[in-house]
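What you see below is based on every heavy atom in this structure, not just the backbone, and it leaves out hydrogens, waters and symmetry mates.
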Amino acid sequence: MRKKLQSITSKLWAATALFAILLVWQIVSMAGLVPNFMLPSPLQVLKAFGSEFPLLMENSGVTLLEAAAGLLCGVAFGFIMAVLMDRFEKLYKAFYPLIVITQTVPTVAIAPLLVLWFGYEMLPKVILIVIVTFFPITIGLLEGFRSADKDMMNLLKSMGAGNFQIFRYIKMPGAMGRFFASLRISASYSVVGAVISEWLGGFSGLGVYMIRVKKAFAFDKMFAVIFLISIISLLLMKLVDILQKKCMPWEKAK
């Protein structure tokens, strides 16, 4: 009961802060401190969202498909890399620095090359999303595997357990918390990565829509799609929370 009350209180504070920001924004716009064509008011953005809703939903479907495909591939690739690097020390020493280097290259620098190599269809977008999503999964799982209880592992070994059994009963359950924490990050990255890839080449999607309204100087529609991207990212993170509760029922008992 106490935890639930604390959760409700924290959400109320967040909602109050958001409402205050929107209120100040509306007052600034109504007072004319910033021209409407540069900073449309929240009401103008809401109106634009309503008028463009069918088109936004159509484009968001494309972006979500790309994000989902890239996220699934990124999670699978990250999981495999983490398992192999945990199992084989030489692979860890060889590939860990390379994995870190992949995150130092800006995505906006990679995207044009991927479009040049693979065209304007979905494949280059999925590859870019994999690049930005596999890193948190790999590092989170790897740290979880390596922080496994040594005494528990030695106990299982003394009872004749093999590497697979140690992984199944000690390492994997112990790394689940870090995996879902990394998955939240990757889920939000997947949407952003899809939009960035669409900026540099594509026929539909929220990124392509943003480029079109930007060229038309329709900044109310630009803010509408920014809000939509934020909402989609938050919903994906909420889905990860629900999935975590299903996969880690023992956490509820704490």
Chemist: How would you list all residue pairs meeting salt bridge (Lys or Arg N to Asp or Glu O under 4.0 Å) that involve residues 198-209, not counting sequence neighbours?
Modeler: none
Chemist: Residues sharing Leu23's hydrophobic cluster, by side-chain heavy-atom contacts under 4.5 Å among ILVMFWY, directly or via others?
Modeler: Phe19, Ile27
Chemist: With rounding to the nearest 0.5 angstrom, report the NZ to CG distance, Lys125 to Leu114.
Modeler: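 Going from NZ on Lys125 over to CG on Leu114, the span is 10.0 Å.
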Chemist: With sequence neighbours excluded, what pairs up with Tyr189 under the side-chain hydrogen bond (donor to acceptor under 3.5 Å, both in side chains) test?
Modeler: none
Chemist: Running the 4.5 Å side-chain criterion over Ile, Leu, Val, Met, Phe, Trp and Tyr, what cluster does Val208 land in, apart from itself?
Modeler: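 Members besides Val208: none; it forms no cluster.
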Chemist: Once you measure the plane-to-plane angle for Tyr92 and Tyr96, does it fall in the parallel (<30°), tilted (30-60°) or perpendicular (>60°) bin?
Modeler: tilted
Chemist: Can you tell me how far the CG atom of Leu43 sits from the CH2 atom of Trp25, to the nearest 0.5 Å?
Modeler: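 So the gap between those two atoms works out to 10.0 Å.
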Chemist: Side chains of Gln103 and Phe134: closer than 4.5 Å at any heavy-atom pair?
Modeler: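 SC-SC contact between Gln103 and Phe134 confirmed.
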Chemist: Tell me who clusters with Val62, hydrophobic residues only, linked when side chains sit under 4.5 Å apart either directly or through other members.
Modeler: none
Chemist: Is the closest side-chain heavy-atom distance between Leu56 and Val225 below 4.5 Å?
Modeler: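 With C-beta onward as the side chain, the pair touches.
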Chemist: Give a yes or no on whether the ring-centroid distance for Phe145 and Phe167 is below 6.0 angstrom.
Modeler: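 Yes; Phe167 has its ring centre under 6.0 Å from that of Phe145.
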Chemist: Testing the basics here: between Ile229 and Val191, what is the closest heavy-atom pair and its distance to 0.1 Å?
Modeler: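 Scanning both residues completely, I find the closest heavy atoms to be CG2-CG1, 3.9 Å.
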Chemist: Evaluate whether atom CE of Met57 has more than 12 neighbouring non-hydrogen atoms of other residues, nucleotides or ligands under 6.0 angstrom away.
Modeler: yes
Chemist: Going from CG on Leu206 to CG on Leu64, what distance comes out if it is rounded to the nearest 0.5 angstrom?
Modeler: 7.5 Å
Chemist: Is Ser230 reaching over with its side chain to a backbone N or O of Ile226, donor-acceptor style, under 3.5 angstrom?
Modeler: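 Looks like yes, one N/O pair under 3.5 Å.
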Chemist: Any side chain to side chain donor-acceptor pair (under 3.5 Å) pairs touching residues 146-174, not counting sequence neighbours?
Modeler: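 Side chain to side chain donor-acceptor pair (under 3.5 Å) check on residues 146-174 returns Asp86-Lys171, Glu89-Arg146.
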